[in-house]
Amino acid sequence: MPEIADKFLKQSKLKAFDLAHRNKINFNIGKYNAAFKKGLLQYNNLDLAKSRAANIKNKVVNHLDTYLIDFEQNFTNNGGKVIWAVDAEEARKEILNIIKKHRAKKVVKMKSMTTEEIELNAFLEKQGIESIETDLGEYIVQLANEKPYHIVTPAMHKSKEDIALLFNEKMGWDEGLSPEEITAKVRLKLRDKFYNADIGITGANFLIADTGSIALTENEGNGVLTMAMPPVHIAIAGIEKIIPSINDLDLFWPLLSSHGTGQRMTVYNSIISGPRKGKEIDGPKENYVIILNNKRSELLAQKEQRMALSCIRCGACLNACPVYKNIGGHTYETTYSGPIGSVISPWMLGMKDYKHLSFASTLCGACTEVCPVKIPLHDMLLLNRRDAVAQKHTTSVERIMVKGSSKFLMNRKWMDFFSGKTKRFFISLIIKKLWGNNRKFPPVADQSFHEQWKEKNK
Ligand code: SF4
């Protein structure tokens, strides 16, 4: 078994039996579930909204080449600069070039999974650049020197007591501070960072092709400040973040907010169309968008799985997934976790090392059911499994076992030759270890269905 898969299994086992972890996740996802239910009440016909969103995103994914060029042209006409990055290394290099050009020393950041994907903070730190996360959850995770636990709520695995303790350890603040008091103190600290930052870096929830704009969605106002206060704004986005028209936000903004946090609309929604112009007094003087591929084209090349690029990163499939809820976000050791992570990571990081994620599913379909853009996630997990086998990412023992057992199972005479007791013995001998000690192995009946049928209809 590859090392990464082995670590995943060991870590999953630890987390699944960690009661404190389970209680925190259940509490936080319980709160999300209640809000999610309320957020959906704004829809008279949710299914229709989801179908429309799925159609638009399908169209985009199938014509990405055209939409991306439209975006580039329109954003450039607005005075912005588009940079194409083939992988994480190139994206980091381009960001560093901008930083050097502006002799920047201080960066403020808005929460962005794409910057997590290219490990930007660690890179900037090595270059001697201060890079501060300004979303409260992300700030907490940065302070704790951890990776985000969830694509929408990065500190979901921490209770309010854990967070108070963290600020006590790192900042010397009183351990008994309430969440409101902590928020107020962080707010003051960050205000200073915004004033003094040379560059603001954000992700992009959507890149709007027809107006050449970036749409940002957030709840704390830190995104607006990150984008508008420093003289330079860099947005980094995957190639799939395109939507055709500004009018589509009418559909996508409420879908993202209701599925992401259960809100009818997120508190702050900004549309940025290039740098400040003419006599405008607000906004960055220079505005860049880095469009990142980073193996997304591998996924695009898969006719059946490419629709996973429709994802709007709402996180609803993570919250619905029984596997995610038990093993937690960090266990995946990928930027994107949960069902969507299990579908896309093998293509983005390599099937050989990450195929195990497509097998870590009950295939219950809860993820597919909640997805606002109707990605058939559990079907895609099966397709990934098929492709992993077709690409021969299986051991010779697995291949021999599957070949042998299918020969045996397809042969009625052999099936009836052994008694239930013998079958039980062999099955437990072969797969008991895989089945694990924490669940009871289902017994094999003494008589097969074929034998019972024969006996009944003598
Ligand atoms: S796959 Fe669907 S449910 Fe999961 S994060 Fe993406 S849009 Fe949301």
Side-chain angles (χ1 to χ4, degrees), residues 29 32-33 35-37 39-40 43 46-47 49-61 111-114 116-117 137 148-154 156 203-207 215 217 237-243 248-249 251-263 266 296 299-300 302 304-325 328-329 332 334-348 357-358 360-384:
I29 292 190
Y32 163 84
N33 285 342
F36 179 49
K37 231 172 155 181
L40 294 187
Y43 287 100
L46 175 64
D47 195 58
K50 284 165 68 159
S51 296
R52 283 187 178 148
N55 285 341
I56 292 172
K57 285 303 272 184
N58 287 1
K59 196 168 81 179
V60 167
V61 171
K111 188 185 104 53
S112 144
M113 292 312 287
T114 322
E116 291 295 332
E117 188 184 324
Y149 182 91
H150 186 282
I151 61 178
V152 175
T153 38
M156 185 195 245
N205 293 95
F206 303 104
L207 297 177
T217 280
I239 53 172
E240 77 286 6
K241 287 295 177 83
I242 290 276
I243 52 170
D248 298 324
L249 287 173
L251 176 67
F252 283 100
W253 266 344
L255 274 177
L256 179 59
S257 51
S258 56
H259 287 73
T261 49
Q263 291 164 285
T266 323
R296 283 162 175 79
L299 192 54
L300 190 63
Q302 310 309 312
E304 292 161 298
Q305 286 106 309
R306 69 164 61 145
M307 281 314 147
L309 288 170
S310 304
C311 174
I312 57 169
R313 306 275 188 262
C314 72
C317 59
L318 280 64
N319 300 335
C321 177
V323 175
Y324 181 90
K325 281 191 270 196
Y332 289 79
T334 50
T335 306
Y336 306 101
S337 55
I340 184 63
S342 299
V343 170
I344 65 175
S345 302
W347 297 104
M348 291 171 72
L357 296 181
S358 301
S361 167
T362 62
L363 299 177
C364 66
C367 47
T368 301
E369 209 178 302
V370 293
C371 179
V373 285
K374 293 200 163 190
I375 302 174
L377 290 153
H378 70 295
D379 290 337
M380 291 193 173
L381 292 172
L382 280 173
L383 293 170
N384 277 3

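Whatever order the structure lists them in is the order used to number ligands and atoms, beginning at 1. Just so we're clear, the structure is a prediction, and the values are computed from it rather than from any experiment.
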Counting only protein atoms, how many N/O/S atoms are less than 2.8 Å away from atom 6 (Fe) of ligand 1?
1
For a 4.5 angstrom cut-off between non-hydrogen side-chain atoms, does Leu249 reach Ile243?
yes
Side chain, backbone, both or neither: which part of Leu377 comes within less than 4.0 Å of ligand 1 when only heavy atoms are counted?
side chain
If the test is side-chain contact (heavy atoms from CB on, under 4.5 Å), which one of Val323, Thr334, Leu377, Leu357 qualifies with Ser342?
Leu357
Interatomic spacing from CD1 in Ile312 to NE2 in His259 - rounded to 0.5 Å:
8.0 Å
Could you tell me how the ring of Tyr324 sits relative to the ring of Tyr149: parallel (under 30°), tilted (30 to 60°) or perpendicular (over 60°)?
perpendicular
Taking salt bridge (charged side-chain N to carboxylate O under 4.0 Å, His left out) as the criterion, tell me which of Arg306, Arg313, Lys57 meets it with Glu240.
Arg313
Would you call Leu255 and Tyr43 a side-chain contact if the rule is heavy atoms closer than 4.5 Å?
yes
Taking the side chain as C-beta and beyond, is there a heavy-atom pair between Glu116 and Ile151 under 4.5 Å?
no
Does the residue Val370 have a heavy-atom contact with ligand 1, meaning some pair of atoms that are separated by less than 4.0 Å?
no
